[in-house]
Amino acid sequence: MTAQYKLHRNVAVITLDNPPVNGLGFNTRRALVKGLERALANARVKAVVITGAGKAFSGGADIKEFGSPKAIQEPNLLSVIKALEHATKPVVAAMHSVVMGGGLELALGCHYRIAAPGCKVALPEVKLGLIPGAGGTQRLPRVLGVEVALNMIVSGEPQASELLASLPGQKLFDKMAASNESLLDEALELARSVADTRPLPLVRDLPCKHPLGDAYFQFARNMVGGMSKNYPAPLKCVDAIEAATKNRIDQGLAIEREIFTNLMFTPECKALRHLFVAERATSKIADVPADTPKRDVKSLAVIGAGTMGGGITMNFLNAGIPVKMLEMKQEALDRGIATIRKNYESQVARGKLKQDKYEQRMALLSTTLDYNDLKDADMVIEAVFEDMGVKETVFRKLDEVMKPGAILASNTSTLDMNKIASFTRRPQDVIGTHFFSPANVMRLLEVVRGEKTGKDVLATVMALGKKIRKTTVVSGVCDGFIGNRMIEQYSRQAGFLLDEGCTPAQVDKAVEKFGFAMGPFRMGDLAGNDIGWAIRKRRAVERADMQYSKTADKLCELGRFGQKTGAGWYDYKPGKRDAIPSDLVVKMIEDHRAEQGITPRKISDEEIVQRLVFSLVNEGAHILEDGIASKASDIDMVYITGYGFPIYRGGPMHYASEFGLFNVMQAMQRFARNPMDDAQFWTPAPLIQRLVAAGKTFS
Ligand SMILES: NC(=O)c1ccc[n+]([C@@H]2O[C@H](COP(=O)([O-])OP(=O)(O)OC[C@H]3O[C@@H](n4cnc5c(N)ncnc54)[C@H](O)[C@@H]3O)[C@@H](O)[C@H]2O)c1
C-alpha cells in the first residue's frame, strides 16, 4: 500500500506512504486518487485530509521512476491535481517535514493547506535542469506573490514553512499547526470547520500580477541570465512565471508544460538528471548489500599533520567525531594545529562558522607523539610522506598498537594499497581513503578497495564518507586509482599539443570555454608542476614505454613549479594568482620544437578539447574493463566532484555517450593517425569497440 485511507469520524484521511519521502510514483498516485474517490462516494465523509507518513509530506517525483514511462502513466500528477480541484468536498493538505517539487504542487491543488513548523518547502526542479511541471510556476506566484515565488523557483532552494507563513498577504498556508505532533488533529479541526463552505477556494482562481509588469521581468531576466550562463532552465522559469501573469491559468499551464517538455531533451537537463542518479548510485556496490554490518567509528586517529592530515582532520571535527593527530615532532603538530585554527578562524571571520561551534570543534582535537595513545581509536587515517618505506614503518607500528577491529586507512595517492595492507597482519581491516586537496573543501573521496579489504570495512567507510559529506566513490587498486590514472592521459595530451603547435594559454582557453573550471596548465601551476615531474621520473623507470612531451620537464628544470614559486607555465605577480602568459615559456616551447625538428601547425579548439576529453574517455573505458571502477557513472562523479569537469556536461563518460560513441571512436582513430601522438593509446578501448558494435552507450 502506498497510501493509507482511514476515517476519522466524518473526515477521510489519506496518508501517503511510500518511504523514504513519499515520492509520487505511479502506485502512490493511483492509491491517492482511489482514496479520494472513496471519500467523495461516501455520504458520511464531509472533508478529506491528505498527509504523509514518516519523514515527509512528500518529496515530489519518485526517483525510482525517473525517466521511465511510469513517471507519466495515468493518473499522472497533473491528473491527480485536476481530480483534487474538481473534488466536491474540501480537501486539506496537512504538511510536515519535507514539501518539495510535486509534493508542493499537489498541496497547491488542494483547497486548504496547514503546515507544521520546520517544513522545508521547495520547488527544486531547476536543479535537474527543469522547471516545475505540474503547475508550480502558475500556482506558487498566486499564493506567495511573483517575486518570492520567482526566487524560490529559480534557486530551487528550500524555505522554512514558518518564514513563508510570516510573509504579509501569503496564501500558501491557511493555518500553521503548533507542532508535527498536533498537525493531524489541527488539520481535522480545519477540515471540519470548512466542511460546509462553498464554493471551495482554489489557488487557480487567485489573481497573479506584478505591479511593475514588464519592467520587473526585464530586471529578473538580467539577474537570472547573469547567474545561469550555461544552464537554460533558470531563464525558462522566468518565462513560465511571466506567462502566469499574462494568461489565464489553463493557458499558463499549457505554456509551463511545453517549456518543461522541451527542457527534458536539453543536454544540460540530461546531464543534471544523470548526475542526480549517479550521485545516489555511488554507494551501491554489487557485492556489498545495503544491510552489510558496519563497524562503529566514534573516534579517529590521523597520522601526519601536513597539508592532507590537517584537512582530513577538519572533516571529522566538523562531523562531531573526535580526532587524535600524531606526528614525529612537536613542531609539526604545532604547525598542523595552527593551520587548522587559521582555516576555522577565516570561516568565523567570513560569518560561515559561529565562534562557539569553532570552539566545540577544536575541543574534539587532541595530539600526541606516541603511538600508544592511539590504541583506543576506532579508525586511523595515515597521511604521511608518499614513500613506501615510510608507509611501511607507519603501518607496521599501527598493526602493533591499534585495537582489534580498528580500521587502518591510507591517504596514499599513488602507492599500491595491497602492498600497504601486506605490512599488517590484518589486511582485511586496511583500506584506502584518497582525499583531494584541500581535503576539508573538496567533495570527492575515492575509497580504495584492496584485494583483501573486508566488506564490512568498505561499507563502514562508505557510510562514514557520507557522514562527512563527501561524494564517496569506490576504486580498485591501480596506479592513480580512477581520477589520477585518467588525468595522466589528459596531461600527456596537453603536452603533445604544446609540441605540435599550441601555447599553454591556447589549450587552457579552449578547455575553459568547454566548461572546465581550469585548463591543464593553470591547474598545473596551482597544484605544483613538481608533483608531475616526480611521477614522470618514477615512470621513466617503471614504464619506459610511456611517452611524454619534454616541455614539462624543461619547465621544472627552470624551477618554474607554479604559483608557489611565482612562475610556472604562466608568470605571476607577487601575491597575485592571475595567470599571465609568459614569453619565456613560449620561447622555451619554440626552442624545444626546433631541437626536435618539429614544424608547428595550427590546431583548432575543437581538436584540443576532443583530444583532452576523449583521452579521459578512453582511459575511463579501460578502467571499467579492468574493474577499477564498477560503473561509468562513478567515473563521471569522480570528474565532476574532483576535477572540475563541467557539471552541465554530466562527466566524461556521459558526455561521450551523448556525443555518440561511434563519433568518439572515429575521432580516436583520427588521432591515432597523427604521427606526433600516441597511436597505441588511441586504439579505442575494447569496451568502446563492443559498445559501438552493439549500438549501445556507457549508460
Ligand atoms: N597534497 C595533495 O594534494 C595530496 C592529495 C591526495 C593525497 N595526498 C597524499 O597524502 C599524503 C600526505 O601528503 P601531504 O601533501 O599532506 O604531505 P605533507 O608533506 O604536507 O605532510 C606529511 C606529514 O607527515 C609527517 N610525517 C612524515 N613521516 C611521518 C611518520 N613516520 N610519522 C608521523 N608523521 C610523519 C610529516 O612531518 C608531515 O607533516 C601522501 O601520501 C600524499 O600522496 C596528497
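The figures here come from the full heavy-atom set of this structure, side chains too, leaving out hydrogens, waters and symmetry mates. In this chain, residues are counted from 1 in sequence order. Just follow the structure's listing: the first ligand is 1, and inside any ligand the first atom is 1.
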Any non-hydrogen protein atom less than 4.0 Å away from atom 17 (O) of ligand 1
no
Picking from Thr565, Asp530, Asn529, Asp571, what satisfies side chain to side chain donor-acceptor pair (under 3.5 Å) with Arg560?
Asp571
Are Glu327 and Arg335 within salt-bridge range, i.e. N to O under 4.0 Å?
no
List every atom of ligand 1 that sits less than 4.0 Å from any heavy atom of Thr412, numbering the atoms from 1 in the order shown and giving each element.
41 (O)
Where is the nearest protein heavy atom to atom 3 (O) of ligand 1: which residue, which atom, and how far?
Ser437 CB, 3.3 Å
Interatomic distance, Trp569 atom CH2 to Met523 atom CE [nearest 0.5 angstrom]:
15.0 Å
Ring pair (Phe, Tyr, Trp, His ring centres under 6.0 Å) partners for Phe614, two or more places apart:
Phe659
In terms of ring plane angle, is the pair Phe436 and His434 parallel, tilted or perpendicular, where the classes change at 30° and 60°?
tilted
Ligand 1 atoms nearer than 4.0 angstrom to some heavy atom of Val394 are 31 (N)
Looking only at non-hydrogen atoms, which of Leu369, Asn411, Ile303 approaches atom 10 (O) of ligand 1 most closely?
Asn411
Who passes ring pair (Phe, Tyr, Trp, His ring centres under 6.0 Å) against Tyr490, sequence neighbours left out?
Phe516
Can you sort out which atoms of ligand 1 are near His434, meaning under 4.0 Å from one of its heavy atoms?
6 (C), 7 (C)
Within the side chain of Arg280, is there an N or O that forms a donor-acceptor pair under 3.5 Å with the backbone of Phe276?
yes
Just let me know how Lys329 lines up against ligand 1, side chain, backbone, both or neither, with a heavy-atom cut-off below 4.0 Å.
neither
Which protein non-hydrogen atom lies closest to atom 19 (O) of ligand 1, naming both residue and atom, and how far is it?
Phe385 CE2, 3.5 Å
Basic-acidic side-chain contact under 4.0 Å: Asp373, Lys324
no
Identity and separation of the nearest protein heavy atom to atom 22 (C) of ligand 1:
Ala383 O, 3.7 Å
Can you figure out which of Leu326, Thr433, Val384 has its heavy atom closest to atom 29 (C) of ligand 1?
Val384
Which heavy atom of the protein is the closest neighbour of atom 43 (O) of ligand 1, given with residue, atom name and distance?
Ser413 OG, 2.8 Å
With a cut-off of under 6.0 Å to the ring centre and 45° to the axis, is Arg492 in cation-pi contact with Phe496?
no
Under 4.0 Å to a heavy atom of Lys391 - the qualifying atoms of ligand 1, by number:
40 (C), 41 (O)
So Trp533 and Phe561, would you call those rings parallel, tilted or perpendicular, with 30° and 60° as cut-offs?
tilted
Which atoms of ligand 1 sit under 4.0 Å from any heavy atom of Thr307?
15 (O), 16 (O), 20 (O)
Charged N to carboxylate O below 4.0 Å: is that the case for Asp634 and Lys631?
yes
Proximal atoms of ligand 1 relative to Gly306 (non-hydrogen, under 4.0 Å)
16 (O), 20 (O), 21 (O), 23 (C), 39 (O)
Taking heavy atoms and a distance under 4.0 Å, where does Val390 meet ligand 1: side chain, backbone, both or neither?
side chain
Quick one: which of Lys397, Glu327, Glu446 has a heavy atom closest to atom 34 (N) of ligand 1?
Glu327
Tell me which protein heavy atom sits closest to atom 32 (N) of ligand 1, plus the residue, atom name and distance to 0.1 Å.
Met328 CG, 3.4 Å
Which ligand 1 atoms does Phe435 reach within 4.0 Å, using its non-hydrogen atoms?
5 (C), 6 (C), 7 (C)
Can you establish whether the number of heavy atoms outside Glu345 located under 6.0 Å from its atom CD is more than 12?
yes
Name the closest protein heavy atom to atom 44 (C) of ligand 1, giving the residue it belongs to and the distance to 0.1 Å.
Met308 CG, 3.3 Å
